[in-house]
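Report on one structure; see the data block that follows.
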Amino acid sequence: VSVSNAAGIDLRGMLIQNNLGNGIWATNTVGFDISNTDLINNGDNDVLDEANLHFEGVTGSVEFNNLEMADPVESNALIRLSSGSLNFTMIKSLVRDTPTVSTGNTGMALYPSGTGSITASITNSDFLRNRANGIQVLTDGAGTFDVEIVGGDFNTNNIGINIAMNGSANTRFDISDTSMVGNVAS
């Protein structure tokens, strides 16, 4: 599924599996909701950062509800924003099993940079067996990030939740009622 320069996208009840590129690739789009959908084994080129779900410059409100993402070439979900604002909500989803070999990376990567701003609420979602991180947040430049993670299991990732900042970035986080088991670091 490839979406560019669109608004108000709503995907429901889909199986997106075994694609050579990104499972869902969205650029410069405003508003994107995905529910009751499985993204399995998508991508074949880690150099291009192909993923089960790859968003570049998606702004407005984005909601993931009851998603399963598994077995990507590199990362399950990669969300980059260099300008504008994104309000991201994830509810009752499962992000699991990036490759155990060197291409395997992160369950979910959230990267605000430049003047991009991401506000995220991740509730009752599980991140299991992701080679590098369950969730990775990396702010760069003046990008800002505000996240609340409530509930969910972070099991057998290298790092359960990894939050870092570069430059003059502003980062706020609140993590509660999560289970961290079998991660090398949390």
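In what follows, every heavy atom counts, from backbone to side chain, and hydrogens, waters and symmetry copies are set aside.
Residue H54 holds its NE2 atom at 9.5 Å from CG of L48, rounded to the nearest 0.5 Å. Taking OG1 of T59 as the start and CD1 of I118 as the end, the distance is 11.0 Å to the nearest 0.5 Å. Here I159 contributes atom CD1 and F154 contributes atom CZ; the two are 13.0 Å apart, rounded to the nearest 0.5 Å. For the atom pair CH2 of W25 and CG of N19, the computed distance is 14.5 Å after rounding to the nearest 0.5 Å. For the atom pair CD1 (I161) and CE (M108), the distance works out to 12.0 Å, reported to the nearest 0.5 Å. Note that CG of D46 and OG1 of T103 are 5.5 Å apart. Values are rounded to the nearest 0.5 Å.
Taking each heavy atom of T144 and S117 in turn, the nearest pair found is OG1-OG, 2.9 Å. Closest approach of S93 and N66 over heavy atoms only: OG-N, 3.5 Å.
Every residue meeting the side-chain hydrogen bond (donor to acceptor under 3.5 Å, both in side chains) condition with T171, not counting sequence neighbours, appears here in chain and number order: T139. Under the salt bridge (charged side-chain N to carboxylate O under 4.0 Å, His left out) criterion, D44 pairs with no residue, sequence neighbours left out.
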Let me see the working for I149 and F173 under side chain to side chain contact (heavy atoms under 4.5 Å, CB included), right down to the final yes or no. CA-CA 8 Å; I149 301 170; F173 60 92; over 6 Å; no
Start with the C-alpha gap between T29 and N5, add the side-chain angles, then the distance that decides, and say whether side chain to side chain contact (heavy atoms under 4.5 Å, CB included) holds. CA-CA 5 Å; T29 297; N5 299 307; over 6 Å; no
Test side chain to side chain contact (heavy atoms under 4.5 Å, CB included) on N105 and E74; report intermediate values, then the result. CA-CA 5 Å; N105 196 15; E74 184 178 26; 3.7 Å; yes
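For S4 and T27, the side-chain atoms include at least one donor-acceptor pair closer than 3.5 Å. For the residue pair N162 / N133, a side-chain donor-acceptor distance below 3.5 Å is found, with atom types taken as modelled.
Under the 3.5 Å distance criterion, the side-chain polar atoms of N87 are left unmatched by any main-chain donor or acceptor of S61. Counting only distance, with no hydrogens or angles, the side chain of T106 and the backbone of S75 share no donor-acceptor pair below 3.5 Å. Although no hydrogens or angles enter the test, the distance criterion places no donor-acceptor pair under 3.5 Å between the side chain of E50 and the main chain of N22.
Between D153 and V181, the closest side-chain pair of non-hydrogen atoms is not below 4.5 Å. Side-chain contact check for L11 versus V1: some heavy-atom pair is nearer than 4.5 Å. Residues R129 and N155 fail the side-chain proximity criterion, which asks for heavy atoms closer than 4.5 Å. For the pair V137/L110, a side-chain contact is recorded, criterion being any heavy-atom separation below 4.5 Å from C-beta on. Counting only heavy atoms from C-beta outward, the side chains of N76 and L39 never approach each other to under 4.5 Å. By the 4.5 Å heavy-atom criterion applied to side chains, T119 and F145 are not counted as neighbours. Residues I34 and L67 have side chains in contact (heavy-atom distance under 4.5 Å, counting atoms from C-beta outward). V150 places none of its side-chain heavy atoms less than 4.5 Å from the side chain of I122.
No continuous path of hydrophobic side-chain contacts links L94 to I40 [ILVMFWY only; heavy atoms under 4.5 Å]. Both M180 and V95 are assigned to one and the same hydrophobic cluster, defined by single-linkage of ILVMFWY side chains at heavy-atom distances under 4.5 Å. One hydrophobic cluster holds both V3 and I16 under the rule that ILVMFWY side chains link at heavy-atom gaps under 4.5 Å. In the hydrophobic clustering of ILVMFWY residues, with side-chain heavy atoms under 4.5 Å counting as a link, L138 and F88 come out apart. Hydrophobic clustering places I9 together with V58 (ILVMFWY residues linked when any side-chain heavy atoms are closer than 4.5 Å, directly or through intermediates).
Partner T37 forms a side-chain contact (heavy atoms from CB on, under 4.5 Å) with one of E68, M14, M69 and no other, that one being M14. Of the listed residues (N157, D97, N158), just one forms a side-chain contact (heavy atoms from CB on, under 4.5 Å) with N130, and that residue is N157.
Relative orientation of the F64 and F55 rings is perpendicular, given thresholds of 30° and 60° on the angle between their planes.
With a 6.0 Å radius and a threshold of 12 heavy atoms from other residues, nucleotides or ligands, R172 has its CZ atom above the threshold.
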Pair up each side-chain donor or acceptor in residues 77-86 with any protein partner under 3.5 Å, not counting sequence neighbours, and list the distances.
unit_1: R80; atom_1: NH1; unit_2: E56; atom_2: OE2; d: 2.8
unit_1: R80; atom_1: NH2; unit_2: D49; atom_2: OD2; d: 2.7

